[in-house]
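Right, one structure below, let's go through it.
Order of listing sets the numbers, starting from 1, for every ligand and every atom in it. This is a predicted model, so every value here is computed, not measured.
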Amino acid sequence: DKGNHRHFMQKEIYEQPIVVAQTLRSYLQRLEGKVALPIPDFDLSGIKRVTIVACGTSFYAGMVAKYWFEQFARVPVDLDVASEFRYRAPVMEPGGLMIVISQSGETADTLAALRHAKNEGQTIAAVVNVPTSSMAREADLLLPTHAGPEIGVASTKAFTCQLSVLAALAANLAKAKGRLSADEEKQIVRHLAEAPAAINGALAYDEAIEGMAGAVAGARDVLYLGRGTDYPLALEGALKLKEISYIHAEGYAAGEMKHGPIALIDEHVPVIVIAPSGPLFEKTVSNMQEVQARGGKVILISDYDGIEAAGDGCIATITMPKVHPLIAPIVYAVPVQLLAYHVAVAKGTDVDQPRNLAKSVTVE
Ligand code: F6R
């Protein structure tokens with residue numbers, strides 16, 4: 001039931017404040033200021049290396065998580081798309097944690113990667129949305145997302161719930177490795193607990209984003225740029241747009257622009273720049289200005305400070321609430337989803353059932 005929404009995708013975008021809160025509830029003891037796992041006595045202290053494997057949007061959640069695991073827990077992370085993982089003869093030593101991420105829990109390549117890693121003696125953690133799925137059953141550590149059923153083929157609420165679980169897992173691992181003081185733990189819990197309200201703040205920009213859709217809907221190609229954890233978001237934004245609007249879109253690390261893709265820039269290519277104010281902001285903005293100098297039409301997604309500093313010269317700006325960098329990927333996913341959604345609606349494509357795509361890919 002879509003309720004009063006026009007599409008399941010729209011409904012699911014709007015459910016995010018609730019389902020993210022619902023998911024975080026199993027991973028945070030908010031009053032105590034502590035992170036927790038659904039299996040409280042699961043011992044992570046011996047984990048020496050993490051391997052993350054997933055497909056599509058779930059892979060991009062994994063890509064964000066790589067930054068978090070390395071930053072907080074200082075544990076090295078390998079990351080692969082599931083369809084490539086087994087073909088590179090991955091080296092998996094004892095003491096490794098394999099994390100698979102999947103909305104459906106049935107994606108064939110991800111499931112095959114799980115089984116391969118299990119045979120190699122890895123501990124398996126599964127971040128899945130369907131608790132009865134094959135991956136949920138075969139994992140040693142089940143880390144559910146509580147997004148509820150996701151009907152729209154383009155993944156939205158599952159993604160932000162995956163990010164929430166992975167942030168909590170990174171904090172748990174950091175704690176188990178003795179790398180998180182009680183005060184740091186408290187801060188992380190506080191920031192994560194702010195995510196649902198911040199997502200609400202992002203949703204408040206919906207109408208303004210709808211108003212920008214026309215500027216993108218006529219384009220043949222669109223670029224998305226980001227740095228740090230905003231780089232996977234750029235990839236996710238491009239994926240979302242191409243899936244449902246059929247516009248060719250690419251996500252790039254902002255600093256890679258001048259190594260090739262800048263050749264594509266002219267006044268017909270909208271460039272979506274994802275850049276919350278913070279330590280990486282200046283660098284991304286200078287990449288953005290290189291685009292503008294070549295006639296590129298930039299839509300800047302940032303917070304008030306970022307828009308104040310760099311919004312001039314953009315064809316449009318999207319103002320997000322000011323949030324801690326830890327939860328920025330969870331919050332900035334929302335405008336990226338809304339933009340793809342409104343562009344698809346403007347183009348009149350089948351938003352919930354895009355051509356050639358299936359909700360669950362059960363063949364390799
Ligand atoms: C993108 C999308 C797909 C899935 C991918 C993995 O919007 O829906 O890219 O993310 O097929 O699916 P799961 O997460 O079920 O393994």
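Listed by chain and number, the hydrophobic cluster partners of L357 are V153, where partners are ILVMFWY side chains within reach of under 4.5 Å, directly or through others.
Near S58, with a cut-off below 4.0 Å to any heavy atom, the atoms of ligand 1 are 10 (O), 13 (P), 14 (O). Within the listing of ligand 1, atoms 13 (P), 14 (O), 15 (O), 16 (O) sit less than 4.0 angstrom from a heavy atom of S102. Numbered from 1 in the order shown, with element, the atoms of ligand 1 that lie under 4.0 Å from a heavy atom of K240 read 1 (C), 7 (O). Of all the atoms in ligand 1, the ones that sit under 4.0 Å from a non-hydrogen atom of A154 are 7 (O). Proximity to T107 (heavy-atom distance under 4.0 Å) selects the following atoms of ligand 1: 12 (O), 13 (P), 15 (O), 16 (O).
Of the heavy atoms in E106, none comes closer than 4.0 Å to ligand 1. Of the heavy atoms in K359, none comes closer than 4.0 Å to ligand 1.
Ionic pairing of D350 and R355 is not present here: no N-O contact between side-chain nitrogen and carboxylate oxygen is shorter than 4.0 angstrom. Salt bridge annotation for E364-R86: present, with a cationic side-chain nitrogen under 4.0 angstrom from a carboxylate oxygen.
More than 12 non-hydrogen atoms from other residues, nucleotides or ligands lie less than 6.0 angstrom from CD1 of I151.
Checking only distances, V153 does come within under 3.5 Å of ligand 1, N or O to N or O.
No side-chain donor-acceptor contact under 3.5 Å links R190 to the backbone of K186.
Contact of the I101 side chain with the F59 side chain is not registered, since no non-hydrogen atoms from C-beta on lie closer than 4.5 Å.
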